[in-house]
2 protein chains.
Amino acid sequence: ERPIIRAVTHDLSESKVTVIDVPDRPGVSAQLFRALARAEVNVDMIVQNVSEEGMTDISFTVPSEQVELTRQVLEGGVLSEIGAERVSTDGSIGRVSVVGAGMKSNPGVAATMFETLAANEINIEMISTSAIRISCVVDASRAEEAVQYLHTAFGLDG
Amino acid sequence: ERPIIRAVTHDLSESKVTVIDVPDRPGVSAQLFRALARAEVNVDMIVQNVSEEGMTDISFTVPSEQVELTRQVLEGGVLSEIGAERVSTDGSIGRVSVVGAGMKSNPGVAATMFETLAANEINIEMISTSAIRISCVVDASRAEEAVQYLHTAFGLDG
Ligand SMILES: C[C@@H](O)[C@H](N)C(=O)O
Ligand SMILES: C[C@@H](O)[C@H](N)C(=O)O
């Protein structure tokens with residue numbers, strides 16, 4: 001099944017928040033995201049990778065206008081409640097996504113996306129995928145440029 | 001905008017692979033996933049969180065029948081080429097997903113999913129989200145049970 005690449009999108013409206021060194025035990029994500037939900041923080045992308053030595057990081061994106069609120073919620077008690085070490089935020093990100101279908105059975109699509117960014121020295125800060133979308137967080141200053149390179153790589157220039 | 005939860009799904013057909021301590025510089029993901037693509041490994045979910053001290057982990061899922069091939073590809077040269085420390089695999093995972101719409105502006109949906117798992121002592125090993133899907137990797141032995149609890153939590157029992 002050939003993959004169908006429909007579009008390359010980018011989003012510069014969000015900031016990245018990372019809760020660093022959270023204990024990897026049931027209840028931690030629940031407490032963290034319930035506190036954010038109560039404060040009406042619009043969490044978009046959530047990424048958590050596996051833990052090492054019982055600790056992991058949880059990153060998520062929020063509209064940039066909500067970073068201060070997010071920090072207040074976390075530093076106002078949640079971090080200590082869940083036993084996390086600290087929170088780090090980064091307002092200078094862009095999320096670039098390749099959107100399509102049939103990508104699961106076509107590992108070459110992700111490879112092509114990553115090669116295109118690498119060829120232009122654009123570092124990939126976070127990766128999150130679904131069956132129809134491969135999203136990479138990159139530096140905000142490179143996001144629009146990345147979209148152009150990816151349009152070319154996937155033949156969407158015409 | 002109220003969120004619409006359409007379904008809770010689970011997938012027990014895949015295994016988790018983590019490439020541990022990869023240098024966080026352009027080209028690493030490209031080399032890794034091009035090598036896997038050439039070997040025709042069907043990579044599904046990819047998760048990479050932010051780096052600390054210049055290193056991060058890259059995890060991905062593959063059909064369980066391809067874990068051995070994946071390990072051979074990685075240990076056969078790719079790991080050393082990219083400067084990664086080692087690879088770890090886990091065949092005992094299940095991916096549980098809440099599928100819906102309008103979830104981005106409804107942080108309570110993720111909180112409810114995580115609280116439901118926590119209430120049943122189901123540890124969340126990885127998290128990856130899109131606008132229409134929240135996916136958690138949990139232990140394989142708890143995945144089917146997790147779906148039942150989530151059906152109830154989201155009122156999909158009827
Ligand atoms: C790290 C966090 O996801 C934790 N494992 C939990 O289940 O809440
Ligand atoms: C870690 C890996 O994603 C690296 N940052 C790259 O761009 O390839």
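Only this structure's heavy atoms are used, side chains among them; waters, hydrogens and symmetry mates stay out. First the proteins, then the strands, lettered A, B, ... as listed; each starts at 1.
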Next on the checklist: Can you confirm whether more than 12 heavy atoms, excluding those of A:E65, are under 6.0 Å from its CD atom?
Outcome noted: yes
Checklist entry - For the hydrophobic clusters of this structure (ILVMFWY residues joined by side-chain heavy atoms under 4.5 Å, transitively), does one cluster hold both B:V87 and B:V67? => result yes
Checklist entry - Does one hydrophobic cluster hold both B:V147 and B:L156, with members joined at side-chain heavy-atom distances below 4.5 Å? => result yes
Checklist entry - Does any heavy atom of chain A fall under 4.5 Å from the side chain of B:E52, the backbone, both, or neither of them? => result side chain
Checklist entry - Picking from B:N123, B:L36, B:N42, B:T56, which has the most non-hydrogen pairs under 4.5 angstrom with chain A? => result B:N123
Next on the checklist: Please classify the contact between B:I122 and chain A as side chain, backbone, both or neither, with a heavy-atom cut-off of under 4.5 Å.
Outcome noted: backbone
Item to check | Contact class of B:R34 relative to chain A, heavy atoms under 4.5 angstrom | outcome: both
Checklist outcome for this item: dist B:R25:CZ -> A:E121:CD (nearest 0.5 Å) comes out at 10.0 Å
Checklist entry - Between A:A118, A:A111, A:A35, which residue shows the highest count of heavy-atom pairs closer than 4.5 Å to chain B? => result A:A111
Checklist entry - Relative to chain A, which segment of B:V41 carries a heavy atom at a distance below 4.5 Å: side chain, backbone, both, or neither? => result backbone
Checklist outcome for this item: In terms of heavy-atom pairs under 4.5 Å with chain B, the winner among A:P26, A:A37, A:A30, A:S130 is A:P26
Checklist entry - Can A:V109 be reached from A:V99 by stepping across I, L, V, M, F, W or Y side chains whose heavy atoms are under 4.5 Å apart? => result no
Item to check | Shared hydrophobic cluster for A:V96 and A:M103 (ILVMFWY, side-chain gaps under 4.5 Å) | outcome: yes
Next on the checklist: Out of A:S59, A:S88, A:P63, return the one with the most heavy atom pairs under 4.5 angstrom to chain B.
Outcome noted: A:S59
Checklist entry - Under the 3.5 angstrom rule, does the side chain of A:Q48 hit a backbone N or O of B:E125 as a donor-acceptor pair? => result yes
Checklist entry - Looking at B:V50 and A:M126, what are the two nearest heavy atoms and their distance? => result CG1-CG, 3.6 Å
Checklist outcome for this item: Okay, B:L32 and chain A: the region with an atom under 4.5 Å from a heavy atom over there is neither
Checklist outcome for this item: If you tally heavy-atom pairs under 4.5 Å between each of A:T18, A:V28, A:I134, A:D57 and chain B, the highest tally belongs to A:D57
Item to check | Contact leader toward chain A among B:S51, B:P107, B:G27, where contacts are heavy-atom pairs under 4.5 Å | outcome: B:P107
Item to check | Linked, directly or transitively: A:M113 and B:V19 (ILVMFWY side chains, under 4.5 Å) | outcome: yes
Next on the checklist: Looking at every heavy atom in both B:T129 and A:D44, which two are closest together, and how far apart are they?
Outcome noted: OG1-O, 3.4 Å
Checklist entry - Would a distance-only check, ignoring hydrogens and angles, find a side-chain to backbone donor-acceptor pair under 3.5 Å from B:E115 to A:Q31? => result no
Checklist outcome for this item: Ranking A:I46, A:I20, A:D24, A:T112 by heavy-atom pairs under 4.5 Å to chain B gives rank one to A:I46
Item to check | Where A:S128 and B:S128 come nearest, the two heavy atoms and their spacing | outcome: OG-OG, 3.0 Å
Next on the checklist: As an exercise: rank A:V47, A:I58, A:V137, A:N49 by heavy-atom pairs under 4.5 Å with chain B and give me the winner.
Outcome noted: A:N49
Item to check | Smallest separation among heavy atoms of B:I124 and A:S29, with atom names | outcome: CD1-CB, 4.1 Å
